[in-house]
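The chain is numbered in sequence order, starting from 1. None of these values were measured; they are calculated from a predicted model.
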Amino acid sequence: MKSAVSSLVRSNNSPISRTLLYHSSKPISQSPFFLSNTPKNLFNQRYQKLQFSPNSTSIMASLSKSEQAREPPALPLPSPPLSKFKIGLCQLSVTPDKERNIKHARKAIEEAAQKGAQLVLLPEIWNSPYSNDSFPVYAEDIDAGGDASPSTAMLSEVASRLKITIVGGSIPERCGDKLYNTCCVFGTDGKLKAKHRKIHLFDIDIPGKITFMESKTLTAGETPTVVDTDVGRIGIGICYDIRFTELAMIYAARGAHLICYPGAFNMTTGPLHWELSQRARAMDNQLYVATCSPARDPGAGYVAWGHSTLVGPFGEVLATTEHEEDIIIAEIDYSILEQRRANLPFTKQRRGDLYKLVDIQRLSSH
C-alpha cells in the first residue's frame, strides 16, 4: 500500500496527490478529512487503482503470513497430561463472616471432588464482601501463608488431601502497603503453582445503574499468568480481565488449553456481556473458557449476576448455573481442540503482514 500511495503522489501532481502528500506526515486524528477538496470522480478513479491494481502490494500481501502474526511466534499446543476430565464450578454465597466463607468453600470443593472433579474453580472475592471498604479488612498476606492467609491455607490443604487442582477464585491480597485482587492456583501436591493479580481494574460509571472504582483501593497486576497443571495448561484472568481479548490471545499463543476467569459481573453488564464475553474468548482462541461467579445476594452492596459457565472451543455453552448457589460438574475433552482447529484453521490464516500481537513478557525473556 505504501508503494502504491507513493506512486500516486508522484503522478501528475493531481489534487488527490497533493492532498495525500500534505497529510502523509500527520496523525489521522490531527488531519482534516482529506477528500473534502477532491473531485468525486477523480477520487473514485484513483481509489480503484490504489485498491485493485495487479501491481499493488495489497495484492501481494494477500498471502497468509500467520507465523509473523505474533511476536514471539505462537507456541504449539502442548500435549495435555490427560485428554478428558471433569471440572467443578462452585458458585458460592458470600457473607461478611470470613470464617464461615472459608468453611463453606471447603465443603463445596469437597463436594465437587466427590462428584469426580479433578479441577475446581471458585468465584472472584469468595472470602469477603465485594466492596472497597471490605478489601483492606479481609486482605491476606498470601506470601506469608499460614495464619496470615487462612483462605489459601485451606485451599492448599484441600488440594493436597483430595489430590485435585484448585483455581482458587480470588481474594484480597495484602503485599506491603498495596492491595491486589489475587487468584491462587494450587496443584495436587498442595503447593502454590501460580498467583495471578487482576491486571485490569474494574472502574465503571453508568449513571443511574452502577458505579464502582476498584482503583480506589486496589493495585493492578503486571503479569499475564499461564500455569502447567495436572489438568493441562491454564491461563488465568479475573473478571474484568475477560473484556480484553489481547490477554486471551496471549494465553492462546502460549499454548493454553483452558482459560479460567473467576468473576463477579453485575446486574447491569451481566445480562448483556457475561456469557457473550466468555463465548467470544473461547471462539476467538479455540480453547475452553471456564468462569465462576458468587451467587446472587439481592441485599448485598454489590449484586453479582451469577451464571458460572463452561464454554467449549467452538463458543458453545457446555454447562451453566442460574444465579443461586450451585455446584456444577462438566467434562472437558481436550481432543476437541485439535479437531476444531482443523475444522476451522484460522490460526493458520492470520495476516502477519498486516497486524501483530506482541507478548512483551515472552519477548523480554528471550
Any side-chain to backbone donor/acceptor pair from [X] onto [Y]? Under 3.5 Å, distance only.
X    : Y    : value
S308 : S293 : yes
K98  : Y138 : yes
D241 : I199 : yes
W126 : I102 : no
S128 : I125 : no
H323 : G306 : no
Y334 : P81  : no
N266 : T268 : yes
E316 : F314 : yes
R279 : G315 : yes

Is any side-chain heavy atom of [X] less than 4.5 Å from a side-chain heavy atom of [Y]?
X    : Y    : result
P294 : L92  : no
L258 : I332 : yes
T347 : Q286 : yes
R197 : N181 : no
I236 : I259 : no
P345 : Q349 : yes
W274 : T291 : yes

Test side-chain hydrogen bond (donor to acceptor under 3.5 Å, both in side chains) applied to T165 and D230, step by step: CA-CA 7 Å; T165 300; D230 288 347; 5.1 Å; no

Stepwise, does the side chain to side chain contact (heavy atoms under 4.5 Å, CB included) test hold for I204 with T211? CA-CA 5 Å; I204 185 173; T211 299; over 6 Å; no

Restricting to side chain to side chain donor-acceptor pair (under 3.5 Å), what partner residues turn up for T182, sequence neighbours left out? E173

Answer yes or no: are there more than 12 heavy-atom neighbours, outside D205 itself, under 6.0 Å from its atom CG?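 Yes, enclosed.
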
K163 atom NZ, over 12 foreign heavy atoms within 6.0 Å: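 Correct, the count exceeds 12.
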
[atom1] of [X] to [atom2] of [Y]: how many Å apart, nearest 0.5 Å?
X    : Y    : atom1 : atom2 : answer
C292 : L89  : SG    : CG    : 5.5 Å
R70  : L363 : CZ    : CG    : 15.0 Å
H257 : S83  : NE2   : OG    : 9.5 Å
F135 : L179 : CZ    : CG    : 9.0 Å
T309 : I328 : OG1   : CD1   : 6.5 Å
S335 : L82  : OG    : CG    : 11.0 Å

Kindly say whether the aromatic ring centers of F244 and H200 come within a distance under 6.0 Å. yes

Partners passing ring pair (Phe, Tyr, Trp, His ring centres under 6.0 Å) against H307 (at least two apart in sequence or in another chain):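 With sequence neighbours excluded, H307 shows a ring pair (Phe, Tyr, Trp, His ring centres under 6.0 Å) to W305, given in chain and number order.
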
Aromatic ring pairing F202/Y130, orientation class (parallel under 30°, perpendicular over 60°, tilted between): tilted

For residues 243-255, which residue pairs pass the side-chain hydrogen bond (donor to acceptor under 3.5 Å, both in side chains) check, not counting sequence neighbours?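 Checked against side-chain hydrogen bond (donor to acceptor under 3.5 Å, both in side chains) - neighbours excluded - the pairs reaching residues 243-255 are R243-H273, R254-D359, R254-Q361.
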
Could you state whether L310 and I327 fall into the same hydrophobic cluster, counting links through intermediate Ile, Leu, Val, Met, Phe, Trp or Tyr residues with side-chain heavy atoms under 4.5 angstrom apart? no

Establish whether I234 and L192 are linked, either directly or via other cluster members, by ILVMFWY side-chain heavy-atom contacts under 4.5 Å. no

What are the two closest non-hydrogen atoms of L247 and P224, and how far apart are they?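 For L247 versus P224, the nearest heavy atoms are CD1-CB, 3.8 Å.
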
Apply side-chain hydrogen bond (donor to acceptor under 3.5 Å, both in side chains) to residues N132 and E214 and explain how you reach the verdict. CA-CA 7 Å; N132 280 315; E214 274 191 333; over 6 Å; no

ring-ring contact (aromatic ring centres under 6.0 Å, His included) between F265 and Y240, intermediate numbers included: CA-CA 8 Å; F265 267 49; Y240 203 50; 7.8 Å; no

When you look at Q68 and R351, which way does the side chain to side chain contact (heavy atoms under 4.5 Å, CB included) test go after all the steps? CA-CA 8 Å; Q68 297 179 17; R351 289 291 301 274; over 6 Å; no

Go through it in stages, so that I can follow the logic: the residues are E124 and S170, the test is side-chain hydrogen bond (donor to acceptor under 3.5 Å, both in side chains), and I'd like the CA-CA distance, side-chain angles, deciding distance and then a yes or no. CA-CA 5 Å; E124 180 184 26; S170 77; 4.6 Å; no

Show your reasoning for whether side-chain hydrogen bond (donor to acceptor under 3.5 Å, both in side chains) applies to R100 and S93. CA-CA 10 Å; R100 177 266 179 200; S93 62; 3.0 Å; yes

How about S160 and D189: does a side-chain donor come under 3.5 Å of a side-chain acceptor? no

